[in-house]
Participant: 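Sharing a structure below in structure tokens format, with a few things to ask.
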There are 2 protein chains.
Amino acid sequence: MRPKLTLKQIARELDVSISTVSRALRDSSEIGEETRKKIKAFAKFYNYKPNNIALSLKNRKTKTIGIIIPEIVHYFFTTVISGVEKVANEKGYNVIVCLSNNSFDKEVLNMELLANGSTDGFIMSMAKETLQKEDYHHFAEVINQGMPLVLFDRVIDEIHCDKVIIDDVIGAKKAVQYLLDTGAKKIGLVSTVDYVSVGKLRTRGYLEILRENNIEVDQNLILKIEDMDNSEAEIKDFIDKNEVDAVFAVNEHFAIHAIKAIQEKGLKVPEDVSVIGFTNGELSKRFIPSLTTVSQHGERMGGEAAKLLIDKLERKPDEGESYKTVIVETSLIERNSTKSLI
Amino acid sequence: MRPKLTLKQIARELDVSISTVSRALRDSSEIGEETRKKIKAFAKFYNYKPNNIALSLKNRKTKTIGIIIPEIVHYFFTTVISGVEKVANEKGYNVIVCLSNNSFDKEVLNMELLANGSTDGFIMSMAKETLQKEDYHHFAEVINQGMPLVLFDRVIDEIHCDKVIIDDVIGAKKAVQYLLDTGAKKIGLVSTVDYVSVGKLRTRGYLEILRENNIEVDQNLILKIEDMDNSEAEIKDFIDKNEVDAVFAVNEHFAIHAIKAIQEKGLKVPEDVSVIGFTNGELSKRFIPSLTTVSQHGERMGGEAAKLLIDKLERKPDEGESYKTVIVETSLIERNSTKSLI
DNA sequence: TTGTAAGCGTTATCAT
DNA sequence: ATGATAACGCTTACAA
């Protein structure tokens with residue numbers, strides 16, 4: 001076992017000073033041709049690589065971006081990571097991913113951990129528990145310390161920072177309008193409770209578009225799932241009790257459970273009931289019938305978040321503060337869970 | 001904006017030396033009650049947190065584990081990450097995830113990057129390109145430098161390190177035996193080309209179990225997918241041309257494409273043809289029919305990998321080298337894509 | 001009980 | 001053209 005080579009060792013070996021080695025390797029013009037060649041050859045031969053930790057300490061920047069997300073076993077989040085990673089790598093940044101597992105405490109812990117020298121900034125989506133507690137002091141904390149923060153997907157007005165979101169309301173409106181266009185009259189909504197902001201916004205879109213079409217809202221046709229673990233049963237019950245000719249679900253899982261429930265009720269999708277989901281994941285593509293869905297373009301969101309963050313990181317401090325919110329457009333992907341347009 | 005507090009600042013503020021502050025905060029017994037209280041109160045009030053980078057540099061360990069995987073938008077890998085994360089966190093380690101995107105160059109790059117001070121060790125699954133090139137110098141490199149490495153899932157004999165794998169051969173045998181038990185006679189295999197080790201092993205299991213049951217192998221019933229992007233068409237073609245009463249696919253995607261192809265051929269799953277997949281992902285659970293599958297227990301694999309790595313990291317160097325291979329058992333999960341046992 | 005100084009691996013600023 | 005030194009933030013002998 002041969003431990004890592006350092007500047008000091010090279011210097012000793014070649015009988016020059018450490019600074020000479022450092023300069024030679026960075027092609028400083030003030031080093032003699034000879035010495036430089038000699039040093040570079042030696043370093044190359046023994047495969048010298050600078051120690052990032054030392055560089056981070058010295059430069060007081062790490063060139064890495066920290067991502068903290070609620071869960072990793074989740075298609076949408078992985079596409080976002082993928083997008084962040086792509087853009088970050090292009091610009092010479094590395095990416096660290098940490099998980100909050102939707103726990104407030106773990107979110108705080110991870111942020112503190114990464115904030116203590118491991119990353120230059122954050123890209124995050126908030127833990128569910130944080131949204132419930134409405135305790136955002138840890139975000140204020142890092143912002144205060146001068147670390148840029150970009151929030152995506154699950155964001156909140158109270159936190160002042162750059163944000164990347166999708167047009168949830170518009171996306172939902174597109175979806176419901178599409179259902180109306182295919183002739184649906186009684187459109188059920190399967191959503192989440194309101195503290196999950198996406199649930200709230202998509203619900204708003206649903207309500208707005210019905211209003212715009214002068215259709216009266218029937219509260220019985222709105223289901224708000226409280227307990228994810230019990231969503232299947234709740235949805236089945238909802239479908240059994242109500243008569244609808246279309247369902248708009250705020251995510252894939254709800255959409256699929258709706259389809260199952262509809263089929264078990266003896267009805268056909270899309271002939272009797274159309275179903276539209278949200279999030280264009282694996283499931284939507286491969287399910288049979290494949291799902292018509294509102295695509296969130298997670299990768300694009302990740303890319304935008306990375307751009308915003310890196311912009312902030314590389315801006316001079318005197319250029320003043322201003323926070324942007326980038327809205328990534330959704331698009332409706334038509335597949336086989338909806339009737340075709342009339 | 002208030003930048004991070006350091007020991008030095010506390011020392012200046014309280015008019016003591018840096019080492020006194022350091023010791024007080026670490027509850028060293030050799031600090032006077034008074035001073036200690038004063039310092040701790042101050043630190044607490046101003047929310048002092050030690051700088052990890054400086055600690056890493058000093059201690060020459062980072063307490064973080066680097067995971068490098070081929071892709072993140074992939075259910076199995078995310079479950080592994082989740083498992084690593086859980087165990088690592090319990091033991092006070094952090095986790096950094098990097099992606100190779102199945103590229104050899106990026107795998108090398110990321111390893112070098114993380115090896116230069118960012119992590120104490122690696123948990124990895126090899127990029128496809130690396131397996132093809134059979135160039136493993138970068139692994140030898142880090143091992144040589146004394147950084148422990150644990151390989152999982154896609155592993156290779158030539159690299160000497162700890163490994164976590166599943167019993168691919170046994171898993172495949174379980175699956176095919178199950179099909180035989182349900183009365184199948186002509187069992188098709190949809191696998192990958194042989195340099196993907198899982199494909200090779202699962203194929204071996206298929207062959208072995210047929211042999212054990214004295215069933216002659218029909219090479220026409222074996223499909224090895226070369227180009228993932230074209231797998232759907234290849235599978236359709238395969239199903240169309242061959243008459244089988246069961247299919248064993250080495251992953252979910254292949255299984256689902258097989259089911260589609262079978263249905264499009266006018267046959268029913270599982271009545272006419274049973275299908276078993278490998279990997280118990282989202283798709284397997286939610287597809288209709290839900291898939292009977294060999295579950296890989298990714299989370300458990302991740303946990304085992306983390307344990308192995310941390311064991312190595314915390315072992316004294318003089319305890320000698322020995323490499324373990326942990327085999328995580330697969331289990332067959334029966335669902336609706338197979339006929340029930342006779 | 002507290003302070004001084006060296007060191008982790010770099011780079012930047014001064015000297016020489 | 002090269003070397004010595006300080007500094008990044010922290011810990012830890014060793015001195016006092």
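Each chain gets a letter, A, B and so on, in the order its sequence line appears, and its residues count up from 1. Bear in mind that the values here come from a model prediction, so they are computed numbers and not experimental data.
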Participant: Is the phosphate of D:dT12, meaning OP1 or OP2, less than 4.0 Å from a side-chain N or O of B:Arg26?
Facilitator: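 Yes, within the criterion.
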Participant: Could you give the CG-to-P distance, from A:Asp27 to C:dA12, as a whole number of Å?
Facilitator: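 Distance, rounded to whole Å: 14 Å.
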Participant: Would you indicate, yes or no, if C:dG9 has its OP1 or OP2 atom less than 4.0 angstrom from a side-chain nitrogen or oxygen of A:Lys49?
Facilitator: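 No, A:Lys49 has no side-chain N/O under 4.0 Å of OP1/OP2 on C:dG9.
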Participant: Mapping B:Lys58 and B:Asp15 onto DNA chain C by nearest heavy atom, which one lands closer to the 5' end?
Facilitator: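 On the 5' side of the pair lies B:Asp15.
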Participant: Take the protein atom NZ of A:Lys37 and the nucleotide atom P of D:dT2, then report the distance between them rounded to whole Å.
Facilitator: 14 Å
Participant: Counting heavy atoms not belonging to B:Asp157, are there more than 12 under 6.0 Å from its CG?
Facilitator: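 No.
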Participant: A:Asn116 has an atom CG; how far is it from atom C1' of D:dC10, in whole Å?
Facilitator: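 Taking CG of A:Asn116 and C1' of D:dC10, I get 13 Å after rounding.
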Participant: Suppose we call a contact any N or O donor and acceptor under 3.5 Å apart; does that hold for the side chain of A:Ser19 and the base of D:dA4?
Facilitator: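 Per atom types, the contact qualifies.
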Participant: Would you mind checking if B:Lys63 and B:Glu314 are paired as a salt bridge, meaning a charged N to carboxylate O distance below 4.0 Å?
Facilitator: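 A salt bridge is present here (some side-chain N lies under 4.0 Å from a carboxylate O).
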Participant: By nearest nucleotide on DNA chain D, pick out whichever of B:Glu30 and B:Ala54 is the more 5' one.
Facilitator: B:Ala54
Participant: Hey, is A:Glu112 close enough to A:Lys106 for a salt bridge, meaning N to O under 4.0 Å?
Facilitator: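 Not counted as a salt bridge, because no side-chain N and carboxylate O are separated by less than 4.0 Å.
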Participant: In whole angstroms, how far is the C1' atom of D:dG9 from the CD1 atom of B:Ile53?
Facilitator: 11 Å
Participant: Where the side chain of A:Leu7 is concerned, which of C:dT10, D:dC8, C:dC8 is the nearest nucleotide?
Facilitator: C:dT10
Participant: Nearest-Å distance, CZ (B:Arg60) to P (C:dG7)?
Facilitator: 13 Å
Participant: Select from B:Gly32 and A:Ile18 the residue whose nearest nucleotide in DNA chain C is closer to the 5' end of that strand.
Facilitator: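 Taking each residue's closest nucleotide, the earlier one in sequence belongs to B:Gly32.
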Participant: In whole angstrom, what separates B:Leu55's CG from C:dG9's P?
Facilitator: 15 Å
Participant: Quick one: is B:Ser17 getting a side-chain N or O under 4.0 Å of the C:dT2 phosphate, OP1 or OP2?
Facilitator: no
Participant: Between B:Glu34 and B:Lys37, is there a side-chain N and carboxylate O pair less than 4.0 Å apart?
Facilitator: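 Looking at B:Lys37 together with B:Glu34, the answer is no, because their closest N to O distance does not fall below 4.0 Å.
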Participant: Between A:Arg23 and B:Asn51, which has a closest nucleotide on DNA chain D that is more 5'?
Facilitator: A:Arg23
Participant: If only side-chain N and O atoms of A:Thr20 are considered, is one of them under 4.0 Å from the OP1 or OP2 phosphate oxygen of D:dG3?
Facilitator: yes
Participant: D:dC8, OP1 or OP2 - any side-chain N/O from B:Lys8 closer than 4.0 Å?
Facilitator: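 Yes, B:Lys8 has a side-chain N/O under 4.0 Å of OP1/OP2 on D:dC8.
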Participant: Counting just side-chain N and O atoms, does B:Arg36 come under 4.0 Å of either OP1 or OP2 of C:dT1?
Facilitator: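 For C:dT1, neither OP1 nor OP2 has a side-chain N or O of B:Arg36 closer than 4.0 Å.
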Participant: When you check the phosphate oxygens OP1 and OP2 of C:dT2, does a side-chain N or O of B:Thr35 lie under 4.0 Å from one of them?
Facilitator: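 Yes, such a contact exists.
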Participant: Using a 6.0 Å cut-off, check whether atom NZ of A:Lys86 has over 12 heavy atoms from anything other than its own residue.
Facilitator: no
Participant: Tell me whether the side-chain N/O atoms of A:Tyr48 come closer than 4.0 Å to OP1 or OP2 in C:dT10.
Facilitator: yes
Participant: Using a strict cut-off of less than 4.0 Å between a Lys/Arg side-chain nitrogen and an Asp/Glu carboxylate oxygen, indicate whether B:Asp162 and B:Lys312 qualify as a salt bridge.
Facilitator: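 Yes, charged N to carboxylate O under 4.0 Å.
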Participant: In whole Å, what is the span from the CG atom of A:Leu25 to the C1' atom of D:dT2?
Facilitator: 15 Å
Participant: When we call it a touch if two heavy atoms are under 4.0 Å apart, what does B:Leu57 touch: a base, just sugar-phosphate, or nothing?
Facilitator: base
Participant: Provide, to the nearest angstrom, the distance between the CG atom belonging to A:Asn59 and the P atom belonging to C:dG9.
Facilitator: 16 Å
